[in-house]
There are 2 protein chains.
Amino acid sequence: MTLSNTQQEFVLHFGEMGSRWGINRTVGQIYALLFICKKPLNAEEITSALHISRSNTSMGLKELQAWQLVRLKRRPGDRRDYFTTPDDLWEIVRTLVAERKKREIDPTLSKLRELEMHGPTGDDYGDARISELRELIETLTGFYEEMERLETQRLVTLMTYGSRLAGLIDKAGAAMPLFTSQT
Amino acid sequence: MTLSNTQQEFVLHFGEMGSRWGINRTVGQIYALLFICKKPLNAEEITSALHISRSNTSMGLKELQAWQLVRLKRRPGDRRDYFTTPDDLWEIVRTLVAERKKREIDPTLSKLRELEMHGPTGDDYGDARISELRELIETLTGFYEEMERLETQRLVTLMTYGSRLAGLIDKAGAAMPLFTSQT
DNA sequence: TGTTAATTTCAGAAATTACTGAAATGACAG
DNA sequence: CTGTCATTTCAGTAATTTCTGAAATTAACA
C-alpha cells in the first residue's frame, strides 16, 4: 500500500484530529485510510501504509469495531480479515452520534438522576442546577431520538431546508395549536 | 470551601468525564464546581475545594476562559478574580456546541476544501469520498447555523415537539412545494 | 490431529499530557 | 515609587496514554 499525496494528507489530518475527537492518532489514521479506500484492507496492508506496528493496527481495529465504525469482510479462500467503512455517509454519522451519546452523555444523565434520587441536599441552588441540567439533557436527547428515527432522506430534507424552519414553526403553530402552547 | 456529598460526587463525575469530553480532569472539576455554586468563586476557594495546586487552578481557569465557559466578575475593594458559569443553561449549550464545532469540525472542513482545491488525484473513489464528506459536513453545519440563529424559546419548542416533526415535514411539504422537492 | 497463517494479548518502553512549586509578572493602594 | 497581594509562567516531575515486540491464542485447512 502506497498513498498519494492527497491520501497521505487526509490520513494525517484525521490522525491529528483524532486527539480532539477522543480517539487516538492511530485509530484516526486507520479510519481515514479505510474511508478513502474502495477495497477492504487487511491488517497487513494497513500496517504498511501507516508505518505502525502490527499490534498497534490490531488494537486500533479493535477500537474501531467497538465504535461499530468498520465492517469486517472475509474473502473465500483467504484467512485474513478485511475491513471497510460503510458506503453510506449518513449511516456513519448515525453511528458516530449514537456512540458519542452513549459514551459522553448517557453516563452523565444516569449520574444526575442518581444524585437527584438521593434527595435534596439542603443546597437549594445546587439541587436546582442539577435538575435543570438533567432536564436539559433529556430535552436534547429526546430531540435526538426523534431525529434518529427519521429516514435519512427526510433528515436530509429537513436539514437542507432548515433555513425555513423558523417560519415553519410559526406557520405550523398557527395551524396546529400544539405548536403555540409554549411560544 | 467544603462540599456536600452530592456536590463532591457531581464534581468528581465531571472530572472523570472530562477526558471523554476532550478536557482534562481538573478543568472538568473546576467547571462543575462553578456550575453548582451560586456565588462566584475565586481561585483560592477553587484550589482548596478541589485539593489541587494554585497554579493548576490558574491553568484550568485559563482553559475555561478560552472556551468562553466562565464569566469573570470583580468585587469592589477586592483584588481577586471571581468566576461563575452563566445562569442560562441554553447559553452554556450554545457556547459548548459553538466551541466544539470550531475545534473539531471547522479545521477538517478547511482541510477537505484544501484537498479538493489541489485537484483530482486520479483516485476517483477517494476523491468522491472526500467531496461527499465535505458536502455532508456542510449540510450539518448549515443546519446547525440555522438552529443557532433561533431564539432559545423557539429552539426549545422545536425540540419539545420534535416528535411531531416527521409529520410536520410532510404536512408542510404538501402545503409548501419547497418541502416536497427532495422527498 | 498437526501445521501454518493470522490475530490478540500484554509487559515494558516511548511519548504525551497533566500537575506542582518556585519564580516572575502584574495590579492596586498608599 | 514601594509594598502587598494576586495571577501567570515555566521547568521539572508525575501520571497517563500510546505503541511495540514477543509470546500466546485462535482459526483454517490438510
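Quantities reported herein were computed from a predicted structural model and do not represent experimental measurements. Convention: sequence-line order gives letters A, B, ...; per-chain numbering from 1.
- No salt bridge links A/Arg94 with A/Glu91; every basic N to acidic carboxylate O contact stays at or beyond 4.0 Å.
- One can place CD of A/Glu63 at 8 Å from P of D/dT18, the figure rounded to the nearest angstrom.
- Within residues 20-35 of chain B, the residues having any heavy atom closer than 4.0 Å to DNA chain C are, in order of number, B/Asn24, B/Arg25, B/Thr26.
- We find that CZ of B/Arg74 is positioned 8 Å from P of D/dT7, with the value rounded to whole Å.
- Among residues at least two apart or in separate chains, side chain to side chain donor-acceptor pair (under 3.5 Å) pairs with a member in residues 132-145 of chain A are A/Arg113-A/Glu138, A/Glu116-A/Arg134, A/Arg134-A/Glu138, A/Tyr144-A/Glu148.
- In this structure, the CG atom of A/Asn56 is 14 Å from the C1' atom of C/dA13, given to the nearest Å.
- In this structure, the helix from C/dT1-D/dA30 to C/dG30-D/dC1 shows an angle of 30° between the axis at its start and the axis at its end, each fitted on 5 base pairs and rounded to 10°.
- Looking at A/Arg129, its side chain does come within 3.5 Å of a backbone N or O of B/Asp87 through a donor-acceptor pair.
- Taking the side chain to side chain contact (heavy atoms under 4.5 Å, CB included) definition, one finds that B/Ser19 meets it with nothing, sequence neighbours left out.
- For the pair B/Asp78 CG and C/dA29 C1', the interatomic distance rounds to 14 Å; values are reported in whole Å.
- Taking 4.5 Å as the limit, every side-chain heavy atom of A/Ile23 sits out of range of all side-chain heavy atoms of A/Tyr31.
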Pair up each side-chain donor or acceptor in residues 8-16 of chain A with any protein partner under 3.5 Å, not counting sequence neighbours, and list the distances.
{"from": "A/Glu9", "atom 1": "OE1", "to": "B/Lys111", "atom 2": "NZ", "distance (Å)": "2.8"}
{"from": "A/His13", "atom 1": "NE2", "to": "B/Thr108", "atom 2": "OG1", "distance (Å)": "2.8"}

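- Under the 4.5 Å side-chain criterion, counting only non-hydrogen atoms from C-beta, B/Asp81 is in contact with B/Arg74.
- Atom NE2 of B/His51 and atom P of C/dG21 are 14 Å apart (whole Å).
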>> For a side-chain contact (heavy atoms from CB on, under 4.5 Å) check, start with the C-alpha distance between B/Trp67 and B/Thr95, then their side-chain angles and the critical distance, and finish with the verdict.
In response: CA-CA 8 Å; B/Trp67 277 82; B/Thr95 304; over 6 Å; no
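- Look at CG on B/Leu72: it is 13 Å from C1' on D/dA6, rounded to the nearest Å.
- Counting all heavy atoms, side chain and backbone alike, A/Leu33 lies closest to A/Ile46 at CD2-CA, 4.1 Å.
- Whole-Å rounding puts the B/Glu45 CD to D/dA6 P distance at 11 Å.
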Below 3.5 Å is the cut-off: list the nitrogen or oxygen pairs between protein and nucleotides 7-9 of chain C, distance only.
{"from": "C/dT7", "atom 1": "OP1", "to": "A/Asp81", "atom 2": "N", "distance (Å)": "3.1"}
{"from": "C/dT7", "atom 1": "OP2", "to": "A/Arg54", "atom 2": "NH2", "distance (Å)": "2.4"}
{"from": "C/dT7", "atom 1": "O5'", "to": "A/Arg54", "atom 2": "NH2", "distance (Å)": "3.3"}
{"from": "C/dT8", "atom 1": "OP2", "to": "A/Ser58", "atom 2": "OG", "distance (Å)": "3.1"}
{"from": "C/dT9", "atom 1": "OP2", "to": "A/Lys62", "atom 2": "NZ", "distance (Å)": "3.0"}

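- Paired with A/Glu104 under the rule salt bridge (charged side-chain N to carboxylate O under 4.0 Å, His left out), one option of A/Lys102, A/Lys101, A/Arg100 passes, and it is A/Arg100.
- Computed from coordinates, the A/Ile52 CD1 to C/dA15 P distance equals 16 Å when rounded to whole Å.
- In this model, no donor atom of one side chain and acceptor atom of the other lie less than 3.5 Å apart for B/Thr6 and B/Ser4.
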